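Quick notes on the structure that follows.
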Amino acid sequence: MPGFEIFGEEERRQVQDVLDTGVLFRYGFDAARKGHWKARTFESEFAARLGTKHCHLCSSGSAALSIALAAAGIGYGDEVVVPPFTFVATVEAVLLAGAVPVFAEIDETLCLDPGAVAQVLTPRTRAVVAVHMCGSMARIDELAELCRRQGLVLIEDACQAVGGTFQGRALGTFGQMGCFSFDSVKTITCGEGGAVVTDDADLYRLAHQYADHGHDHAQADRGAEDHPILGMNARISELNAAVGLAQLRKLDEILARQREAKQVLKDALSACPAVQWRWLPDPAGDSATFLSFLLPDEERARRAAADLAAAGVDGCFYWYDNNWHYLRRWEHFKRLKSPARMPQTGLPEFAGLAQVQVPVSDKIIGRTISMQIKLSWSDADIAGRGERMAAVLAKI
Ligand SMILES: *Cc1c(COP(=O)(O)O)cnc(C)c1O
């Protein structure tokens, strides 16, 4: 990752198709578009690849989360279980739906711990948003089973895990709905884009209607369409979809390169006793966009992060200090508490982050470093990187 590193003729050709017709809109203009339906084509190819029935391509991963929550009927006063380690968009989507985010601890998968989720359920819990962080999977079978038993909606935030699988099944297809992001730095990119996938025809219908002002998408004449539900505009443009289509067709190549590079790096670090790999419930399903590892304690993790940077090993994240990916720095949610005056939200019920205690997650994230696996690396870059990392981490 990210997919933009391998932009080429394929992306250019797809975009040119759209520019040649002048039809940048994903609906209608049947004659003028000369057979080019980039968003629709992406949707059918992506659904087929994932083995799911329906896909709606939309404007962003954040929009996909909002669409999924809306389609599932999650709203005011509902509690939604989320992890404290995720991109902030997961929690924003819950708050903007008017629901209350409830944080459960993660485990060494760096994703929600199913046992911890069970402990935070209340009569108001309606949904769980399981986030597959850094290219790899949560214990998604156990989370799906828990949600099924408790009658909860499971939404997967697979924004960072396109191409990942668990026991051969695509991440994003275990819950009622799966959400993906194709923003500018994700594994495959549309520039901006996202997708909601589902096997449920009713949820799919609500999703595409909600993302387009409630249009029922049932008439040839768009202006004559009915609007059965309230919606908004979270549409993708054909230009963005065109880029995504070329990228989607490169996904296997991207995954193969990431996996190969990751294996070389893991081998190079095999003689570093302090390095503990992230727990992968199914190593074969890792999309390998990141190399994530834990050090024995926070002090050594901080030292390792600093020493790696000093040794010129770029692209490493020490998430515990990160503004965007760990709850510790989400000060703005505390300030939102009620002065935000957003009448549609459940913020008055959201006690704010000040009260949230996630000591297990603090310990795990405090020990964790992730490094982006880049597609632009040559074999020599990867080997050199492995040597430099091993020299640093052998001494930690
Ligand atoms: C990127 C990301 C999102 C949001 O996607 P956008 O397309 O940038 O809106 C949501 N959740 C996670 C885990 C992400 O990494």
Side-chain angles (χ1 to χ4, degrees), residues 1-4 39 42 46 55-70 80-97 101 103-104 106 109-112 127-138 140 143 154-164 171-172 174-175 177-197 207 210-211 232-237 239-241 243-244 247-248 278 286-290 292 315 317 319 322-327 329-330 333 361 365 368 370 372-373:
M1 78 176 277
F4 71 72
F42 184 105
F46 194 57
C55 168
H56 179 70
L57 188 62
C58 60
S59 56
S60 70
S62 305
L65 289 162
S66 289
I67 292 165
L69 289 163
V80 179
V81 181
V82 293
F85 178 48
T86 179
F87 179 57
V88 72
T90 316
V91 186
E92 288 170 342
V94 173
L95 286 167
L96 293 169
F103 293 92
I106 60 166
T109 63
L110 308 184
C111 304
L112 280 176
V128 174
V129 182
V131 187
H132 301 291
M133 279 302 277
C134 304
S136 189
M137 76 284 310
I140 195 63
L143 290 165
L154 174 62
I155 295 171
E156 289 172 83
D157 178 341
C159 287
Q160 296 191 7
V162 67
L171 301 181
F174 288 79
M177 279 172 287
C179 299
F180 292 86
S181 166
F182 310 114
D183 78 19
S184 55
V185 294
K186 293 300 205 281
T187 306
I188 61 172
T189 180
C190 293
E192 297 283 1
V196 183
V197 301
Y210 184 77
M232 44 106 92
N233 178 4
R235 294 186 304 255
I236 186 115
S237 88
L239 284 172
N240 292 102
V243 174
Q247 289 264 295
L248 177 59
R278 165 191 185 172
D286 179 14
S287 72
T289 53
F290 283 92
S292 297
F317 296 89
W319 300 114
N322 187 289
N323 274 349
W324 297 97
H325 294 83
Y326 193 63
L327 141 157
R329 292 293 185 91
W330 295 341
F333 286 155
S361 305
I365 294 299
T368 299
S370 297
Q372 240 185 340
I373 306 282

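Everything quoted here is computed from the prediction, not taken from an experiment. Quick note: residue numbers are just sequence positions, from 1. Atoms within each ligand, like the ligands themselves, are counted from 1 in listed order.
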Phe87 vs Trp324 aromatic rings, parallel, tilted or perpendicular, using cut-offs 30° and 60°?
-> tilted
Among residues two or more places apart or on two chains, list those pairs meeting salt bridge (Lys or Arg N to Asp or Glu O under 4.0 Å) that have a residue in residues 84-97.
-> none
Return the set of residues passing side chain to side chain donor-acceptor pair (under 3.5 Å) with Ser62 (not counting sequence neighbours), or none when no residue passes.
-> none
Tabulated below should be the N or O atoms of ligand 1 paired with protein N or O atoms at under 3.5 Å; can you produce that?
residue: ligand 1; atom: 5 (O); partner: Ser181; partner atom: OG; Å: 3.2
residue: ligand 1; atom: 7 (O); partner: Gly61; partner atom: N; Å: 2.7
residue: ligand 1; atom: 7 (O); partner: Ser181; partner atom: OG; Å: 2.7
residue: ligand 1; atom: 8 (O); partner: Asp183; partner atom: OD2; Å: 2.6
residue: ligand 1; atom: 9 (O); partner: Gly61; partner atom: N; Å: 3.4
residue: ligand 1; atom: 9 (O); partner: Ser62; partner atom: N; Å: 2.9
residue: ligand 1; atom: 9 (O); partner: Ser62; partner atom: OG; Å: 2.5
residue: ligand 1; atom: 11 (N); partner: Asp157; partner atom: OD1; Å: 3.3
residue: ligand 1; atom: 11 (N); partner: Asp157; partner atom: OD2; Å: 2.8
residue: ligand 1; atom: 15 (O); partner: Gln160; partner atom: NE2; Å: 2.8
residue: ligand 1; atom: 15 (O); partner: Lys186; partner atom: NZ; Å: 3.1

Below 4.5 Å, heavy atoms only, C-beta onward: do Cys159 and Met133 meet side chain to side chain?
-> no
Can you list every pair that meets salt bridge (Lys or Arg N to Asp or Glu O under 4.0 Å) and has a residue in residues 177-189, with sequence neighbours left out?
-> Asp183-Lys186
Give, for atom OG of Ser370 and atom CZ of Phe290, the distance between the pair rounded to the nearest 0.5 Å.
-> 6.5 Å
